[in-house]
*Asks:* 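Would you mind keeping the following structure in view while I ask a few things?
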Amino acid sequence: MIVTTKQLFQVAYGKYAIGAYNINNAEQAMGLFRGCLASQAPFIIQISKGARKYTDKRMLEAIIRAADEIFPEAIFAVHLDHGDEETCYDCIDSGFYSSVMIDASHEPFEQNVAITKRVVDRAHAKGISVEAELGMLGGVEEDIKVEEGNACLTDPAEAERFVQQTGCDSLACAIGTSHGAFKFKGKQSLHFDVLQKIKDRLPGFPLVMHGSSSVPKTEVDRINAAGGQIAGSMGVDPNEYLPAARLGVAKINIDTDGRLVWTRVHREFFRDKPAEFDFRPPGKVFMEEYSKFIASRNQLLGSAGQLAAVRAALPKSAA
Ligand code: G3H
Ligand code: 13P
Ligand code: ZN
């Protein structure tokens with residue numbers, strides 16, 4: 001059942017975080033739904049601009065609609081990840097998305113406010129929620145690369161002004177993470193001091209943590225042992241998900257870790273079976289492994305086992 005991010009945040013806020021997982025194809029969708037049902041967790045499916053272009057946005061939407069039918073017990077929201085203004089309007093007008101992210105975080109503050117406010121006005125007219133971003137994460141998101149030196153943490157006072165001026169429904173904050181597999185060079189830790197200050201200024205307001213993959217060492221070691229070259233990678237300590245959730249982080253974005261599972265499965269599969277050329281056998285292994293990975297993340301996010309409580313909190317007509 002497709003619900004809004006707002007409905008999920010209302011139940012989770014301050015207690016646990018909802019996992020927001022990117023999908024690009026049917027195998028990822030199957031693993032995601034299976035893993036969330038196995039762990040009895042509500043979740044958010046995210047679609048990036050790149051994912052919409054990979055096959056066709058209608059293909060992804062059809063996959064999600066089909067998964068909703070195949071797994072009627074699942075409760076999830078559908079969200080545009082890192083949208084620009086034009087893509088946000090396309091998603092708002094499509095009637096399929098529960099929420100959109102307008103990412104104008106690379107613009108100066110006033111410009112970010114103006115763009116976000118325009119998207120908020122158009123989304124709210126249709127009952128759709130808006131996630132915005134303030135501060136800059138390091139790393140690469142599709143066509144925008146932020147050098148480490150230019151990444152900057154969210155300023156708590158600015159965050160308060162930003163939310164007041166834009167009317168956005170949730171805010172992605174930069175608190176030390178970055179996109180991709182290379183997040184930390186030395187100490188692996190979130191800036192809880194900054195997060196606490198943002199929460200103090202925005203009590204009860206859902207915050208979002210991007211760049212939250214944990215880049216498991218076991219996964220990276222197996223990839224490298226099977227011919228990969230991603231030495232030196234490091235992710236977020238997944239034991240910091242729950243402490244962050246208790247400080248108002250209601251949505252935690254995980255994409256890179258899924259790509260690592262895919263890479264490990266396929267590298268090992270073809271290393272061990274060099275004569276194989278059918279994509280279905282490794283695809284089956286991937287769906288199984290991704291499902292297990294998702295269930296393990298939901299445990300760490302605290303969303304595992306919450307499905308019944310979320311269902312009970314939905315309006316009777318929806319549940
Ligand atoms: O933050 C970006 C997400 O990991 C999505 O990546 O734009 O390559 O689909 P993508
Ligand atoms: P990761 O690269 O850490 O998975 O972050 C994903 C993300 O923030 C998607 O918006
Ligand atoms: Zn992101």
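Every number for a ligand or one of its atoms is a count from 1 in the order of the listing. Along the sequence shown, residues are numbered consecutively beginning with 1.
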*Asks:* Exactly one of R58, K49, K53, K57 should register a salt bridge (Lys or Arg N to Asp or Glu O under 4.0 Å) with D90. Which one does?
*Replies:* K57
*Asks:* Please identify which atoms of ligand 1 are closer than 4.0 Å to at least one heavy atom of H82.
*Replies:* 1 (O), 2 (C)
*Asks:* Heavy-atom contacts with N22 under 4.0 Å: which atoms of ligand 1 show up? List them by number with element.
*Replies:*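 Under 4.0 Å from N22, ligand 1 has these atoms: 3 (C), 5 (C).
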*Asks:* Looking only at non-hydrogen atoms, find the nearest pair between E133 and N112 and report the distance.
*Replies:*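 Between these two residues, the closest heavy atoms are O-ND2, 2.9 Å.
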*Asks:* With a cut-off of 4.0 Å, which atoms of ligand 1 are near a heavy atom of S48?
*Replies:* 5 (C), 7 (O), 9 (O), 10 (P)
*Asks:* Restricting to N, O or S atoms of H179, which is nearest to the Zn ion (ligand 3)?
*Replies:* NE2
*Asks:* Could you list which atoms of ligand 1 come closer than 4.0 Å to a heavy atom of D255?
*Replies:* 3 (C), 4 (O), 5 (C), 6 (O)
*Asks:* Out of curiosity, does V78 fall in the hydrophobic cluster containing L8 (side-chain heavy atoms, cut-off under 4.5 Å, transitive links)?
*Replies:*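 Yes, L8 connects to V78 through the hydrophobic network.
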*Asks:* Within less than 4.0 angstrom of ligand 1, does R259 place any heavy atom?
*Replies:*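 Distance cut 4.0 Å: R259 passes for ligand 1.
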*Asks:* Could you label the plane-to-plane angle of the F76 and F43 rings as parallel, tilted or perpendicular, counting under 30° as parallel and over 60° as perpendicular?
*Replies:* parallel
*Asks:* Only counting residues at least two apart or in another chain, list the ones meeting side chain to side chain contact (heavy atoms under 4.5 Å, CB included) with A157.
*Replies:*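 D155, R201.
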*Asks:* Holding to side chain to side chain contact (heavy atoms under 4.5 Å, CB included), I want the full list of residues that pass it with D237, two or more places apart in sequence or in another chain.
*Replies:* Q188, N239, E240
*Asks:* C168 and T116: which non-hydrogen atoms are nearest, and at how many Å?
*Replies:*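 Taking C168 first and T116 second, the nearest heavy atoms are CB-CG2, 4.3 Å.
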*Asks:* Just to verify, what does Y16 make a side chain to side chain donor-acceptor pair (under 3.5 Å) with, not counting sequence neighbours?
*Replies:*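 If we apply the side chain to side chain donor-acceptor pair (under 3.5 Å) test to Y16, skipping adjacent residues, there are no hits.
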*Asks:* Report the atom name of the nearest N/O/S atom of H82 relative to the Zn ion (ligand 3).
*Replies:*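 Of the nitrogen, oxygen and sulfur atoms in H82, the Zn ion (ligand 3) lies nearest to NE2.
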*Asks:* Does T154 use its side chain to pair, donor to acceptor, with the backbone of A174 at less than 3.5 Å?
*Replies:* yes
*Asks:* Report yes or no: is the cationic atom of R297 (NZ for Lys, CZ for Arg) closer than 6.0 Å to the six-membered ring centre of Y21, at no more than 45° off its axis?
*Replies:*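 Judged by the rule (NZ or CZ under 6.0 Å from the ring centre, within 45° of its axis), R297 is not positioned above Y21.
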*Asks:* Look at the rings of F109 and F162 and say which category their plane angle falls in: under 30° parallel, 30 to 60° tilted, over 60° perpendicular.
*Replies:*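 Perpendicular.
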*Asks:* What is the name of the N/O/S atom in H210 that sits closest to the Zn ion (ligand 3)?
*Replies:* ND1
*Asks:* Taking both backbone and side-chain atoms of H179, is any N or O found less than 3.5 Å from an N or O belonging to ligand 1?
*Replies:*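 N/O-N/O distance below 3.5 Å exists for this pair.
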*Asks:* Using a threshold of 4.0 angstrom between heavy atoms of the protein and any atom of ligand 2, which residues qualify?
*Replies:*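 The answer is N22, Q46, D81, H82, H179, G180, K183, H210, G211, S212, S213, N253, I254, D255, T256, counting any residue whose heavy atom sits under 4.0 Å from ligand 2.
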*Asks:* Is ligand 1 under 4.0 Å from a heavy atom in the side chain of N253, in the backbone, in both, or in neither?
*Replies:*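 Within the 4.0 Å criterion, N253 makes no contact with ligand 1.
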